[in-house]
Every structure is written in structure tokens, then in C-alpha cells.
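Letters A, B, ... are given to chains in the order of the sequence lines, protein chains preceding strands, and every chain is numbered from 1.
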Number of protein chains: 2
Amino acid sequence: MAGRPKIKDIADMVGVSPATVSRALAGTGLVAEPTLSRIRETAAALDYRPNVSARNLRTQRSMAILLVVRDAGNPFYLEVFKGVEAAAREAGYSVLMGNTEDDPVRETEYFAMLGDGHADGMILMTGKLPAPNDTRATGDEPVVVALEMVEGSGYPHVVIDNHAAALSAVNHLIELGHQNIAHITGPLPEPMSQRRMEGYRTAMKLAGLAIREGFEQRGDYLLESGVQCCRALLALPVLPTAIFCANDEMAFGVIGELNRQGVSVPDDVSVVGFDDLFLSAAFQPPLTTVSQPRADIGRQAMTILLSRLSGAAVPDEPVVVATQLKVRGTTAPPKSLTTQHQGRHQ
Amino acid sequence: MAGRPKIKDIADMVGVSPATVSRALAGTGLVAEPTLSRIRETAAALDYRPNVSARNLRTQRSMAILLVVRDAGNPFYLEVFKGVEAAAREAGYSVLMGNTEDDPVRETEYFAMLGDGHADGMILMTGKLPAPNDTRATGDEPVVVALEMVEGSGYPHVVIDNHAAALSAVNHLIELGHQNIAHITGPLPEPMSQRRMEGYRTAMKLAGLAIREGFEQRGDYLLESGVQCCRALLALPVLPTAIFCANDEMAFGVIGELNRQGVSVPDDVSVVGFDDLFLSAAFQPPLTTVSQPRADIGRQAMTILLSRLSGAAVPDEPVVVATQLKVRGTTAPPKSLTTQHQGRHQ
DNA sequence: TTGAAAGCGCTACCAT
DNA sequence: ATGGTAGCGCTTTCAA
């Protein structure tokens, strides 16, 4: 009995057939009592663990799921991963993490891992499917899309209401008395960036506020673009008194640049972010931002995927999880509520 | 030919045996030219992908490795993951991420996944092995320990020189002219925290500086403990002019608390962290800290693991990767270089 | 309640 | 250079 014990070893020791051992260990309730206990004890004594490859081959399942993200270096995904992992392990699944780096080749590759026995299902957080000619993605693969939207794909979605969240963030600024509110967008025309921008526009419109020329700056979610856009904003004839950034990372870039230029946050300019990253609350001053329940999103996505995998029904409408505006230290009323009333131009 | 194509399907279509197909696709160079191309073309046409469970069962390998961390929610590990993942995929491996949450049960469980076909090897970042009575960890499992130290375990290690790094951080403060330098430790007696503390002590000693009573505060790497320790420091009869924190997260807690108490960083007090987290450079002011080449650590650990898995030799001395002190905005000379000379007491 | 045996899809050995 | 085939370890019919 060299090497790891196998089912046959237990069977031989106990004096039953491998089939009985398999049934006993699977807890099918089909094995009678004297035998059952002896099998269990022997298995424990040998420290037996079923070989997963053999089991997977036989059952045609891997008990693994694939979490595919755009950039595994972004801490944003970590919390999601945690939620996914927790729900997965409760159900006996392990989690493979895939990192596309926006590379279409990788996207296709990960998608293919669904079919080749690597994983039974997939949680997609990249916002896009591999090019249709590369795969036969029919829309009924066991895939759940989280946070992003893959329009018309037929997959279940777990999302936040980006439009409403952005709107509430901008409304907060408006309620503080701001009128010259700028927005730094994410990469357009990605739907997520689009929605947040539309939320900004809607809030402005509902408040009867004009969006001055140059007040919409186009960023790409990275720190450096926050810096650049901030510079562009500071070069404008009329300066904004508040800036709504499409994510926290850009907000940090903005705040850094404002400080460097001697502009105080929030005294001179208010800044709002989006994401509530790890340590955003620890920033100086603590960042006002839209908080996403990331672990919860992960957990929900995994739960839906598990239903899907067990053949149960899945929601055909996107599941919307609530966001929360965290008002912290980077927002305040504008310095001089009245001196900003220079009228509006388009 | 319903379902996914298998090797036999290709064999039938091309009119060769499954063995030949397997050899052709494996690129063994044992298949002659007219056949080779036809097999490849047919495989491509069918979009054939080998079933991994079958292959794994047959080859007794999973082509997966396990990256086990203490807390998957800590962005610190992300960069490491990226390095591991990159090196892994180059070699055709996938990466399973395991999250122990310091739970011994999970630690044992992940360790067991090494034997049951889940993974071929493991990169351990938890700093401890499962209790020895739970596992037959003999020290020659394919395990590489990264960043932490598992003394006397016999596994290859990839580490940083915590002592030297801490020493250089404190030296930087000393060179700026600081004498009253406090230290907030990690959780003791963990080796990593210990080493950093010893580095601090060595630097002080070499400079002939006394460590005043209360200048060593015991933290636990979490933000909140930075806040608490900072309060304790501020209650001391003689205030430190500089604080060396055993990680960035506590440094953020410290800076936040200093700000709240009206103490300016770095004008009144200098702060140095350790880790160089995502966004530490974007902090206001940008954090002076010890930068660890995380992706590189991950990559190196994976490279060693790959050697180990291919039967090659592995370093029997810990591989030490270089850290770098990033001098940024939270350190400056002490406010009044001379008024601090009140003599020393033990 | 238990056993016998087929077979998941692949690779690698032994032939030819 | 290619084919035949055993067998990796498990689960699951079918029979008893």
C-alpha cells in the first residue's frame, strides 16, 4: 500500500467492494450500519481523500468555478473574490481566478476553460464576451456577469444601479450648494462609464444646472488620468467648485493634483469618488464616495451560479444590489456660495 | 458527434488511431507530415480541447498550483498573485487561490489539496504550516514559502530582509536628524514583526540613540491599531518626532490620528511605513515607505516551484529579494533640530 | 444491502 | 511512423 490510499485499499481492508466504499463515503444512505462505520473508520485511519481527477472525469464536473477579472491587480476585485470564495467553499467549489488584462486571447481562453473540464461555471467581471467568432457562446453557458453589463447576452447579471448612484453622489454636491460641478468620466463608451456620466447629467439637469464647457473630462479610471483631467479643469475660465469622479482612484489623482496646485480639499473644491476602495476611508481627508457592497456582489453572483449549476431557475432580470453614498471629508459647501453666480452659458 | 469532440472523433475523421492524434497534438515530433497537418486542421476545425480531467487522471498531475494567503481581502497579496499568475500561465499552470483567514482547519484542508489531485504544488504565504499531527508534512512536498518564514521546514523560501529594510527606514529618519523615533510593531512574536522591530532597534543602537519608554508600541498591522498606538504615543511625556510603522496600513491610521489631533505630517512628525501598498504613493502627503517588489516575489516563488515540480534543484538557502526605501512626502527633518536635545534617559 | 463491471477521455507502453 | 490497448481512480448502472 505505497502511495496515497485509494478506494480499493479501503475495500480490501474492510472486505467489501469498491462500490460499497464509494457509496458509504458519499453518504448515500445505501450502506448498512455495521459496514458503514467500519468503512468510515478505515478511511479516516488511512487519511483517505478521493482523487479529484478521477472523480471529475467520472462525474464530468470539476467542482471549480472561474472568476474572470480585467485586472487582478486592482484591489477592487479582492472583496468580490472574498464573497465568491466564501459562497463557493460552502458549496464545495474552489475558485480559479483569471486575469484577462483586456487581452482578447485570454478572454477566449478562459471561456474555453468552461468546456474543457477546468471549471463548471464562470463569473465574468470583464464586461465583455470573447469575440463571437472565436466561441460558440450561446448564452446558455453557466455564466453569471457581475458588475458589468453584457447586453443581450442572456446571462444572469448582478449589478449596481450606476445611474442612480452617480445621481445621488451629484445630488449630494448640489445639496451642499454647488453649482459648478465637473465630472471625470471613465473610459467611454463603456456602459459603466456611460451610466455614471448619465447619472451626473441627469442630476445636473434636474437641478436646472448647466454643464459648462470642459466640465466633462474623459478619464480612464487610472490615477494618472485623474491628475491630467484635474489639470485641464484648473485651466478652465470658470473653475468648478466640486468634482465628481467616476472612481476613487481618479479621485485620489485629482486630490493630489489639487494639493500640489495649492487648492484645498474640501475648502476650495469638493471631490466625490466612486467605489469606496480599501483605505479610501483612511485617506486624508477621508474620501466621500459611493460604496459598493463588493463581497455581497460576489456572494450573490456565486449563489446564482450555483443555482444555475444545479439546474435551478436563475433570475432573468438583472439583480440590482444597493449602493450607499458615504459622506466623509472631501465634500463641503462651496467657499462663497454667492460669488459663483456668474450666469450660465452652454 | 454530439457534445464536445474527443480524441476519438478526430481519429475517426482523419482515419488514424487515437494514439496518433494524442501524439500529434502533444507535439512530440513523432508524427509524420501528411498526417500531422491533417490532424491539426481537423482538431482546429472541431475546436477540440483536451479534457483536463481525463488528462489529469492519466498523467497524475493537475497543472494547477495553490496560492494560500492569510487574508484574500488584503490588497497586498494581489500584486503577488499577479506575479504568480503570470509565471504560472507561461508554464501552462492555473492558479487556485486559498484563503485561510488564519483558520487551522482551512490550513489543513488546503494542504490536503496537494495530495488529492487539486494542485501539484503550493505557494504558502501564511507563515505557518498546519499542525503537524494533522498532516504528514515531511518537508519535501512541493511547497514554496513566500514572504513569511517557516523555520526549519525544509521548504524553499522567497523572502525580503525585514531587518535590513527596517534598519534603512529608521536610518533615513536618523539622517534627517530625528532622535526621538518611535516604532509601531506588527503582532508579536511573529517573526516578520520581530525582524522589523529588531531592525529598528539596531538602527537606534548603531546611531547611539536611546529608545525611550513607550516608544515601542505593539500593533497588529491593522489600521485601527495604528490609531490606538498613535494615541498612546501622543500621551507620552516626550513626544516622538518620527514614527516608523511596521506596515503602511498602520501608518495611515497614525497619520489620520495625527491630523485629527492637529499634528502636521511631516512638519511636526515624520511617518514611515512598510509595504508600499497600491495608492500609498497617492496618499496625501505621499507616504514614505519600504517598497517590496511584490509581483517579483510572486514570480520568483512560482519559478522555484516550477523547478521543484520538474524535479530540478531548488535553492536551499532563502532567496532574498531586494526592498527599496521610497522617500516621499511624510518624512522631513524634525521641526527644531536643537530643542529636542533634552538628553536621554533609559 | 451489496457486488461486478463498464467506462469517463486521455496518455503511454509495447508492438509492428 | 503508427496502432492496439491497458489503465489512471472513481461512480454508477444493472444484477443478485
Next item on the list: Indicate whether any N or O donor in one side chain lies under 3.5 Å from an N or O acceptor in the other, for A/Asn56 and A/Ser62.
Entry: no
Next item on the list: Find the distance A/Asn56:CG to D/dC8:P and express it as a whole number of Å.
Entry: 18 Å
Notebook entry, point to check: Does atom CZ of A/Arg40 have more than 12 heavy-atom neighbours, drawn from other residues, nucleotides or ligands, at distances under 6.0 Å?
Noted result: no
Next item on the list: Determine yes or no for a side-chain-to-main-chain donor-acceptor pair under 3.5 angstrom, with B/Arg4 supplying the side chain and A/Gly115 the backbone.
Entry: yes
Next item on the list: Drop me the distance from A/Met122's CE to A/Tyr155's OH, to the nearest 0.5 angstrom.
Entry: 7.0 Å
Check: So which one's nearest nucleotide on DNA chain C is more toward 5', A/Gln60 or A/Leu30?
Finding: A/Leu30
Margin query: Expressed as a whole number of angstroms, how long is the span from B/Arg4:CZ to C/dC8:P?
Written below: 16 Å
Item checked: Spacing of B/Leu57 atom CG relative to D/dG9 atom C1', expressed in whole Å -> 6 Å
Next item on the list: Kindly calculate the angle separating the two end axes of the helix from C/dT1-D/dA16 to C/dT16-D/dA1, each obtained from five base pairs, and round it to 10 degrees.
Entry: 40°
Margin query: Contact between B/Ile123 and B/Met302 at the side-chain level, heavy atoms closer than 4.5 Å - yes or no?
Written below: yes
Check: How long is the gap from CG on A/Asp140 to OG on A/Ser153, to the nearest 0.5 Å?
Finding: 11.5 Å
Next item on the list: Answer with base, sugar-phosphate or nothing: what part of the nucleic acid does B/Ser53 contact at a heavy-atom distance below 4.0 Å?
Entry: nothing
Item checked: Derivation of the side-chain contact (heavy atoms from CB on, under 4.5 Å) call for B/Glu85 and A/Met97 -> CA-CA 9 Å; B/Glu85 208 259 358; A/Met97 192 140 147; over 6 Å; no
Notebook entry, point to check: Rounded to the nearest Å, what distance is computed from the CZ atom of residue A/Arg61 to the P atom of nucleotide C/dG9?
Noted result: 15 Å
Note to self: So if I define the base as every atom that isn't primed, P, OP1 or OP2, how would nucleotides 10-16 of chain C read as a B/S/- string at a heavy-atom cutoff under 4.0 Å?
What the structure shows: BBBB---
Note to self: Looking only at side-chain N and O atoms, does B/Glu41 offer a donor or acceptor that is under 3.5 Å from a partner on B/Ser37?
What the structure shows: no
